[in-house]
Amino acid sequence: NVYGGINTVQTGLTIASDYYVQADGSLASSGSIPFDIAGATYVQSFSVAAQETQPWGTRFNTDGTKMFVVGATGDDVNEYALSTGFDVSTASYTQAFSVASQETNPRGLAFNTDGSKMFVVGEVGDDVNEYALSTGFNVSTASFTQAYSVTTQDTGPDGIDFNTDGTEMYIVGTAGDDVNQYTLTTGFDVSTASYTSNFSVAAQETSPRGIAFSNNGDKMFIVGTQEDKVHQYALSTLFNITTASFTESFSVAGQETGPRALTFNDTGSKMYVTGLDYDKVNQYASTSASTTVKAGQALSATTINMKDLT
């Protein structure tokens, strides 16, 4: 394990990669700091206007070779193939799936881990609609299964996310300007959901639209249309929003003045913000990592060899 002032538990390390100590005591490999927006930089964008002029929730499959955008013009989920994973410049439209029978103003989008379930939240039904996909991450195989109402907590639900195993669900909305957390006794089964707590983001954003978490749940991100910024929060207890505290913001106004959704790639080195002013998915690189102080080379996902620091 890593010693010498490192202030986080190390997980998800890439074997044989060199890691360096950052200013906050965290570790990062050369390139970028995962899930860090302080020094994020714009890279490129991809227009979805040919399919959707009111794009909202955006997600990727596990390896980034598929991208999904839900929109309120077509009331459908649009699927795109990426020839290079998580590189939106290589995206091409493939197919769409209508959710109009359940929601005519869809806003948020999420999938379970293997893509066998899809979730759409919207402002007409004020509920989370669950779909089963017989082929993972293939929207043409989707079928509606059930819905869960969130109207008691928010009548303007816009964004949705889950923790890793689907036992916690999060809805961000504009009616309360807050994030509402729900516990699911069966992972990714909305029929087992029950409301537990909320966290206000009104001090940073009075029109919150999208939500995302870091892989281990120690960070939460909110994007909104009042400030045109991504706001980052630290969670002292993983995936528990009652322990969240605001840390910093990153403006996306240079690319989008109506941001509606955000998501990350699998490692947190890339961030994506979708907006309906320009109908684009904008891609950003997270903060560049310092390579001044070497911690060592990863031996496993949780351990680093500190013997050879040259």
Side-chain angles (χ1 to χ4, degrees), residues 52-59 69-73 75-77 99-110 118-131 146-163 168-184 190-213 220-233 235 239-246 249 252-253 256-263 273-277:
E52 182 58 62
T53 55
Q54 292 188 64
W56 284 77
T58 303
R59 296 291 177 181
V69 178
V70 68
T73 299
D75 299 332
D76 54 8
V77 179
V99 297
S101 295
Q102 292 78 45
E103 178 58 61
T104 54
N105 194 1
R107 301 296 183 92
L109 177 68
M118 179 175 72
F119 305 86
V120 174
V121 66
E123 287 198 349
V124 171
D126 296 333
D127 55 6
V128 179
N129 297 283
E130 181 181 319
Y131 301 82
Q146 57 190 352
Y148 176 79
S149 176
V150 297
T151 190
T152 303
Q153 290 77 46
D154 203 298
T155 55
D158 282 340
I160 180 173
D161 204 3
F162 291 86
N163 69 341
E168 299 292 336
M169 179 174 72
Y170 310 85
I171 304 291
V172 64
T174 55
D177 297 334
D178 57 3
V179 179
N180 295 285
Q181 182 170 345
Y182 304 80
T183 294
L184 286 70
V190 297
S191 70
T192 69
S194 60
Y195 171 72
T196 55
S197 59
N198 75 324
F199 175 78
S200 176
V201 297
Q204 292 78 45
E205 179 59 63
T206 55
S207 187
R209 303 291 185 170
I211 182 171
F213 286 83
M220 178 176 72
F221 303 86
I222 299 292
V223 69
T225 54
Q226 183 63 39
E227 300 296 328
D228 299 332
K229 294 178 179 179
V230 177
H231 307 286
Q232 180 174 311
Y233 302 81
L235 282 70
F239 289 112
N240 184 333
I241 61 172
T242 65
T243 69
S245 58
F246 172 70
S249 296
V252 297
E256 178 59 62
T257 52
R260 290 321 201 254
L262 82 156
T263 190
V273 174
T274 303
L276 54 77
D277 280 0

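Side chain of Glu256 to backbone of Asp277: a donor-acceptor contact under 3.5 angstrom is found. Remark: side-chain polar atoms of Glu130 are paired, donor with acceptor, to backbone N or O of Val190 under 3.5 angstrom. Within the 3.5 Å criterion, the main-chain N or O of Ala100 finds no donor-acceptor partner in the side chain of Asp75. The backbone N or O of Thr73 lies less than 3.5 Å from a partner atom in the side chain of Glu52, making a donor-acceptor pair. Between the side chain of Glu103 and the backbone N or O of Gly125, at least one donor-acceptor pair lies under 3.5 Å. A donor-acceptor contact shorter than 3.5 Å links the side chain of Thr196 to the backbone of Gln181.
Classified by interplanar angle (parallel below 30°, tilted 30° to 60°, perpendicular above 60°), the ring pair Phe213/Tyr170 is tilted.
Applying the salt bridge (Lys or Arg N to Asp or Glu O under 4.0 Å) test to residues at least two apart or on different chains, none of the pairs has a partner in residues 191-208.
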Start with the C-alpha gap between Glu168 and Thr183, add the side-chain angles, then the distance that decides, and say whether side chain to side chain donor-acceptor pair (under 3.5 Å) holds.
CA-CA 5 Å; Glu168 299 292 336; Thr183 294; 3.2 Å; yes
Set out, in order, the CA-CA distance, both residues' side-chain angles and the distance that settles side chain to side chain donor-acceptor pair (under 3.5 Å) for Tyr233 and Gln204, then state yes or no.
CA-CA 11 Å; Tyr233 302 81; Gln204 292 78 45; 2.8 Å; yes
Tell me, with the steps shown, if Ser207 and Thr225 meet side chain to side chain donor-acceptor pair (under 3.5 Å).
CA-CA 6 Å; Ser207 187; Thr225 54; 2.8 Å; yes
Show the numbers, then the answer: is there a side chain to side chain donor-acceptor pair (under 3.5 Å) between Thr206 and Asp177?
CA-CA 6 Å; Thr206 55; Asp177 297 334; 5.4 Å; no
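Residues Asp154 and Asp178 meet the side-chain proximity criterion, which asks for heavy atoms closer than 4.5 Å. Side-chain contact between Val179 and Ile211: present, with at least one pair of heavy atoms (C-beta onward) separated by less than 4.5 Å.
Using a 3.5 Å distance cut-off with no hydrogens or angles, the side chains of Tyr131 and Gln102 do pair a donor with an acceptor.
Salt-bridge check for Arg59 with Asp161: passed, with a basic side-chain N closer than 4.0 Å to an acidic carboxylate O.
With sequence neighbours left out, Thr174 forms a side-chain hydrogen bond (donor to acceptor under 3.5 Å, both in side chains) with no residue at all.
For Phe119 and Phe162, the ring centers are positioned less than 6.0 Å apart.
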